[in-house]
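Reading through the structure tokens given below for one structure.
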Amino acid sequence: SAQQSLVKRADVTNLKTYTEQVRATQENEYTSSTFSAFTKVLSQAESAIAEGGNAELTQEQADALEGSLRQAYEKLAKRATADQYEELSALLSEKKKLLEQQDKYTLSSIAALRETIGQYELILSYTDEQKADTAETVLTAAYEALENTGLELRGETAELQQKYDQLLAEYGKDETDTKGYLRESWLRYIDCMVTAEKACAEGGNADLSQAQIKAIQDKLEKSVAELPPYGDRQQLEDLYEQAKGLIAKDYTEQSYLAFADALSDAEFLLNKAEDITAQDAIDACKESLESAMQGLVSIKELNELVAEAEKKEEDACTVSTYSALVEAVEKAKIVLLDANATKEKVNEVQAALQTALNGLALRGNTDELRELVVQASACKQGNYAEADWKALTAWRTYAESILNSNDADQAAVDEAFENLSNAMGNTLQAATEENGCASSVNAGLCVIPAVLVLCGAVLFVLKKGGKA
């Protein structure tokens, strides 16, 4: 048990070898702070490798001490040399001489150089103790920073002044008179002119390099090149005047809403000052309004046709044509109530309603026909040939059907009157007088086919009247 608790002393061979390698490190070559840290660890290593120094040192401790010594050595910072201080001093003197010609350079570059000189002049005033702890990297960085801090020559403004004078003569720089150009672009031009004027004034280039002067001139020239005239709104005004006379009730609700939005946009644009409205904005607004006008679905004529149709009196018209009219009106009203009705649908029902109106027939005046039927009823069969009497009877029946029908127009009434009147005139006496020796029987035979046709017509009219 006691034998198991024994710990073997550290083997310090590696520690000794490395310590002997770094033991000759010279203090005057490194900064005091890093060398102090190194010597502290070096002292511990020297103690460990001395005779009996490892008596209480484990292998782990010996290895850790070697690692610390290596790390301290690697962190040693080279001390700045006297040559470096002399080089920095020479460069500072050179830079200070440039400040004597400060009128040639921009103010900001002079200020930057002054600040850098002041920052690194402090290094030259270090005490020996401070120098002992100043690394050569500090001097190197100071030298590079000072060397890279250059002065920038002030820009020449002669060419800019010439361009300014030219534009001032050609365009002026009055904010209130935009010379027919868009106000936004005109104000950009004015800003560029003011900037150029300041740059060209005495001392105005004090903090402007040649590149900056050129940038001012380029921007000024660009502002002139991008001076667009404000838009010509005459066509839009003409279209607006035409459009604002359109009435909502003459169009479907949905198509008028879209049109109203476009009309409102046009009104808003036209109320703007001319010099803030570009041509492309005017053209877009005009195109939008034109499109909305083309999209309007007119129901004005359809409304007028419906109003005209509703004035027609049912009792004055034939049943079939009036029924067709009523049906067309009902379909038209359905379309009129549809906010999204298309032009095609409106045109369809409008055409159908117009056709129904055109086809509307007035009922015929039957007073004379009624009187004729009474007279026909008084005719004697003996006064007619058999065929003529059958024809008379057929035409009288047809005339009575016309009198009982509510679907007979004036043409049908006149036709019935004429045919019945002719049939009544075909007496035996009239036939003898007209044909001389011609047989009334033969005449009657000739009429029979016509009478049969008329009988069919009578049946057709009666059926039609019955349906009505």
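When reading the values below, keep in mind they use all heavy atoms of this one structure, side chains included, and skip hydrogens, waters and symmetry mates. Small disclaimer: the values here were computed from a predicted structure and weren't measured.
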query = Does Glu159 pair with Lys163 as a salt bridge, N-O distance under 4.0 Å?
reply = no
task = Report yes or no: do Ser36 and Ser33 form a side-chain donor-acceptor pair below 3.5 Å?
result = no
query = salt bridge (Lys or Arg N to Asp or Glu O under 4.0 Å) between Glu74 and Arg70: does it pass, once the steps are laid out?
reply = CA-CA 6 Å; Glu74 290 170 358; Arg70 288 179 180 277; over 6 Å; no
request  = Decide whether a cation-pi geometry holds between Arg183 and Tyr230; the criteria are a distance under 6.0 Å from NZ or CZ to the six-membered ring centre and an angle within 45° of the ring axis.
outcome  = no
ask   = Under 3.5 Å, is there a donor-acceptor pair linking the side chains of Gln161 and Asp165?
value = yes
task = Say whether Glu144 and Asn148, considering side chains only, have a donor N or O and an acceptor N or O under 3.5 Å apart.
result = no
query = Any idea which heavy atoms bring Thr321 and Gly359 closest together, and the distance?
reply = CG2-O, 3.1 Å
request  = Give a yes or no on whether Glu371 atom CD has more than 12 heavy-atom contacts from other residues, nucleotides or ligands under 6.0 Å away.
outcome  = no
query = Between Ser323 and Ser320, do the side chains contain an N or O donor and an N or O acceptor separated by less than 3.5 Å?
reply = no
query = Any ion pair linking Glu310 and Lys333 (charged N to carboxylate O, less than 4.0 Å)?
reply = yes
ask   = Are Lys214 and Asp218 ion-paired here, with the side-chain N under 4.0 Å from a carboxylate O?
value = yes
task = Start with the C-alpha distance between Lys173 and Glu197, add both sets of side-chain angles, then the distance that settles salt bridge (Lys or Arg N to Asp or Glu O under 4.0 Å), and finish with yes or no.
result = CA-CA 11 Å; Lys173 62 183 186 74; Glu197 183 179 28; 3.6 Å; yes
Leu122 versus Gln119, closest heavy-atom pair with distance = CB-O, 3.6 Å
Heavy-atom closest pair, residues Leu372 and Met424 = CD1-SD, 3.5 Å
inquiry  = Distance to the ring centre below 6.0 angstrom and angle to the axis at most 45 degrees; does that hold for Lys131 and Tyr85?
reply    = yes
task = Establish, from distance only, whether the side-chain atoms of Ser108 and Asp207 form a donor-acceptor pair under 3.5 Å.
result = yes
ask   = For Gln375, does the CD atom have more than 12 heavy-atom neighbours from other residues, nucleotides or ligands under 6.0 Å away?
value = yes
task = Go through the steps to decide whether Lys179 and Asp177 satisfy the test salt bridge (Lys or Arg N to Asp or Glu O under 4.0 Å), and finish with yes or no.
result = CA-CA 6 Å; Lys179 306 292 185 184; Asp177 182 8; 3.3 Å; yes
query = Between Val373 and Ala399, what is the shortest heavy-atom contact and its length?
reply = CG2-CB, 3.6 Å
query = Should we count CD of Gln279 as having more than 12 external heavy atoms under 6.0 Å?
reply = yes
task = Would you check, one step at a time, whether the test side-chain contact (heavy atoms from CB on, under 4.5 Å) holds for Asp414 with Leu369?
result = CA-CA 8 Å; Asp414 292 344; Leu369 180 59; over 6 Å; no
Non-hydrogen atoms of Cys317 and Arg363 that approach each other most closely = O-NE, 2.7 Å
query = Just wondering, more than 12 heavy atoms not from Gln101 lying within 6.0 Å of its CD?
reply = yes
inquiry  = Distance alone, cut at 3.5 Å: any donor-acceptor contact between the side chains of Thr137 and Thr140?
reply    = no
key: Test side-chain contact (heavy atoms from CB on, under 4.5 Å) applied to Tyr251 and Phe259, step by step   = CA-CA 10 Å; Tyr251 303 93; Phe259 162 75; over 6 Å; no
request  = Count the heavy atoms of every other residue, nucleotide or ligand shown that sit under 6.0 Å from CD of Glu253, and state whether that count exceeds 12.
outcome  = no
inquiry  = Between Lys331 and Glu348, does any side-chain N to carboxylate O distance fall below 4.0 Å?
reply    = no
query = Going by distance alone, is a donor N or O of one side chain under 3.5 Å from an acceptor N or O of the other, for Gln212 and Arg154?
reply = no
query = Side-chain donor-acceptor pair under 3.5 Å between Asp83 and Thr81, yes or no?
reply = no
key: Donor-acceptor side-chain pairing of Arg79 and Thr134 below 3.5 angstrom   = no
inquiry  = Using a 6.0 Å cut-off, check whether atom CD of Gln410 has over 12 heavy atoms from anything other than its own residue.
reply    = yes
query = If you draw a 6.0 Å radius around CD in Glu301, do more than 12 non-hydrogen atoms from other residues or ligands fall strictly inside?
reply = no
remark   = Value for CD (Gln210) from CG (Leu160), rounded to nearest 0.5 Å, stands at 9.5 Å
inquiry  = Which heavy atom of Ala258 sits nearest to which heavy atom of Ala292, and what is that distance?
reply    = O-CB, 4.1 Å
task = Give a yes or no on whether Glu29 atom CD has more than 12 heavy-atom contacts from other residues, nucleotides or ligands under 6.0 Å away.
result = yes
task = Could you walk me through whether Val326 and Tyr322 pass the side-chain contact (heavy atoms from CB on, under 4.5 Å) test, one step at a time?
result = CA-CA 6 Å; Val326 169; Tyr322 190 79; 3.4 Å; yes
